[in-house]
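Notes follow once the structure below has been shown.
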Amino acid sequence: MAHVVTPLDQPSNYKDSQSRVDRQRQNDLLSKSTTLYIGNLSFYTTEEQIYELFTKCGSPDDGGGIKRIIMGLDRNTRTPCGFCFVEYYTHAEALASMRYVSGTKLDERIIRCDLDLGYKEGRQFGRGKSGGQVRDEHRQDYDPGRGGWGAQAQRLEIERRREVEERYADAQEGPGAVAGGGGDWKEAEGVQAEGKKRGRSPEDEGDNTRMVRTRLDEDIEAERM
């Protein structure tokens with residue numbers, strides 16, 4: 001029955017596309033590797049959480065344990081983007097993590113562990129066009145632990161909103177647009193209306209009195225003649 005069950009400490013057939021070693025050389029390196037690639041992490045999982053989990057497979061009393069943890073970062077924002085490298089002191093510890101930790105939950109996510117050829121500077125950054133991982137570039141599902149929608153879906157939504165805003169702006173400025181201002185003419189119209197409604201001033205009364213007196217004087221003069 002041993003040949004029926006797949007060993008849990010065997011590396012996958014994944015080959016780093018940027019690695020220039022052939023398959024045989026890769027297998028030789030993996031047979032001695034002390035580094036693990038950890039995938040499907042939440043963007044919010046911390047280095048302390050990873051250390052607490054993977055240190056359970058370490059053997060510090062035998063000179064082992066975790067040597068270092070390298071968090072995967074978005075190339076543009078320098079924030080975690082869902083993967084990391086865990087480097088042990090011994091190959092046996094790395095195999096133990098694959099056997100006992102891979103497929104378990106961390107931050108309510110099933111994480112994956114795989115032997116890695118070894119960390120090199122620059123591999124901590126995502127290779128997707130948006131700066132994160134390639135798997136999050138074309139993802140169509142909504143995953144709150146990995147930034148919501150995939151990067152491509154987010155770009156399409158941003159473009160859609162921009163088009164809507166541009167159409168709205170054109171409608172506001174084009175023919176038949178509804179005026180949004182009008183404060184000046186409304187204010188002037190209000191002043192005129194107020195002038196029509198206000199009562200007569202003493203000066204107005206004086207002018208009317210003089211007109212009446214002038215007419216009386218003219219009538220008196222006419223009678224005299």
Side-chain angles (χ1 to χ4, degrees), residues 1-75 77-128 131-137 139 143-147:
M1 294 294 292
H3 65 282
V4 176
V5 180
T6 303
L8 300 178
D9 56 358
Q10 291 298 309
S12 69
N13 292 323
Y14 170 79
K15 183 179 184 300
D16 186 359
S17 60
Q18 296 186 358
S19 176
R20 297 183 178 180
V21 299
D22 58 27
R23 178 63 67 176
Q24 183 59 45
R25 176 59 177 163
Q26 176 178 327
N27 292 335
D28 292 341
L29 292 173
L30 291 178
S31 65
K32 303 175 183 178
S33 175
T34 61
T35 304
L36 289 175
Y37 173 89
I38 315 301
N40 200 40
L41 292 172
S42 167
F43 288 4
Y44 307 102
T45 298
T46 64
E47 184 175 337
E48 289 75 14
Q49 289 175 286
I50 295 170
Y51 182 87
E52 182 180 358
L53 176 61
F54 283 89
T55 195
K56 299 181 184 301
C57 294
S59 305
D61 295 338
D62 299 328
I66 294 178
K67 185 177 182 180
R68 60 175 176 171
I69 296 174
I70 301 97
M71 298 296 293
L73 303 176
D74 185 290
R75 186 173 62 254
T77 63
R78 297 300 195 267
T79 55
C81 63
F83 72 98
C84 75
F85 297 94
V86 176
E87 186 175 346
Y88 286 99
Y89 281 99
T90 67
H91 178 65
E93 292 171 311
L95 292 181
S97 287
M98 289 184 61
R99 183 181 295 115
Y100 300 118
V101 178
S102 185
T104 61
K105 279 190 175 183
L106 178 60
D107 262 358
E108 298 303 317
R109 302 184 67 84
I110 297 177
I111 61 175
R112 300 187 303 272
C113 306
D114 198 8
L115 283 178
D116 189 79
L117 298 178
Y119 171 77
K120 291 183 180 180
E121 187 62 30
R123 291 191 64 199
Q124 73 270 36
F125 299 122
R127 298 176 181 176
Q133 287 194 274
V134 175
R135 60 165 292 196
D136 291 313
E137 192 70 29
R139 181 167 48 77
D143 191 339
R146 296 184 68 89

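All values reported here derive from a predicted model rather than from experimental measurement.
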> Does any pair with a residue in residues 49-58 pass side-chain hydrogen bond (donor to acceptor under 3.5 Å, both in side chains), and if so which ones, sequence neighbours excluded?
Replying inline: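 Matches after skipping sequence neighbours: T46-Q49, Q49-D107.
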
> Which residue pairs pass the ring-ring contact (aromatic ring centres under 6.0 Å, His included) test with at least one member in residues 88-122, sequence neighbours excluded?
Replying inline: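 Sorted result for residues 88-122: F85-Y119.
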
>> side chain to side chain contact (heavy atoms under 4.5 Å, CB included), that's the test. Do L95 and L115 meet it? Break it down for me.
In response: CA-CA 8 Å; L95 292 181; L115 283 178; 3.9 Å; yes

Tell me the closest heavy-atom pair linking [X] and [Y], and the distance in Å.
| X | Y | answer |
| --- | --- | --- |
| C113 | S97 | SG-O, 4.4 Å |
| R75 | G128 | NH2-O, 2.9 Å |
| L73 | R78 | CD2-O, 4.0 Å |
| A94 | S33 | CB-O, 4.1 Å |
| V101 | C57 | CG2-SG, 3.6 Å |
| F83 | Q133 | CD2-CD, 3.5 Å |

>> Suppose we screen for side-chain contact (heavy atoms from CB on, under 4.5 Å). Which residues come up paired with V21, at least two apart in sequence or across chains?
In response: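 Scan of V21 (side-chain contact (heavy atoms from CB on, under 4.5 Å), adjacent residues dropped) gives S19, R25, Q26, L117.
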
Which pairs of donor and acceptor atoms, one on a side chain in residues 61-69, lie under 3.5 Å apart (sequence neighbours left out)?
| from | atom 1 | to | atom 2 | distance (Å) |
| --- | --- | --- | --- | --- |
| R68 | NE | E87 | OE1 | 2.7 |
| R68 | NH2 | E87 | OE1 | 3.3 |

> How many angstroms lie between atom CG of L53 and atom NZ of K105, to the nearest 0.5 angstrom?
Replying inline: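 So the CG of L53 and the NZ of K105 are separated by 14.0 Å.
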
>> Distance check, rounded to the nearest 0.5 Å: R23 atom CZ versus D28 atom CG?
In response: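 Answer for the CZ-CG pair, R23 versus D28, is 12.0 Å.
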
>> Using modelled atom types and a 3.5 Å cut-off, is there a donor and acceptor pairing between side-chain atoms of E137 and backbone atoms of R135?
In response: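 Checked: no pair found.
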
> Hey, does the side chain of R146 reach the backbone of L41 with a donor-acceptor pair shorter than 3.5 angstrom?
Replying inline: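 Side chain of R146 to backbone of L41: a pair is present.
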
>> According to side chain to side chain donor-acceptor pair (under 3.5 Å), who are the partners of R112, at least two apart in sequence or on a separate chain?
In response: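 Side chain to side chain donor-acceptor pair (under 3.5 Å) list for R112, sorted by chain: empty.
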
>> Once side chain to side chain donor-acceptor pair (under 3.5 Å) is applied, do any residues pair with R109, and if so which ones, sequence neighbours excluded?
In response: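 R109 satisfies side chain to side chain donor-acceptor pair (under 3.5 Å) with N40, D143 only.
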
> Run the side chain to side chain contact (heavy atoms under 4.5 Å, CB included) check on I50 and C84 step by step: do they pass?
Replying inline: CA-CA 9 Å; I50 295 170; C84 75; 3.7 Å; yes

>> As a quick check of understanding, evaluate side chain to side chain contact (heavy atoms under 4.5 Å, CB included) for I38 and L106, giving each step before the final call.
In response: CA-CA 11 Å; I38 315 301; L106 178 60; over 6 Å; no

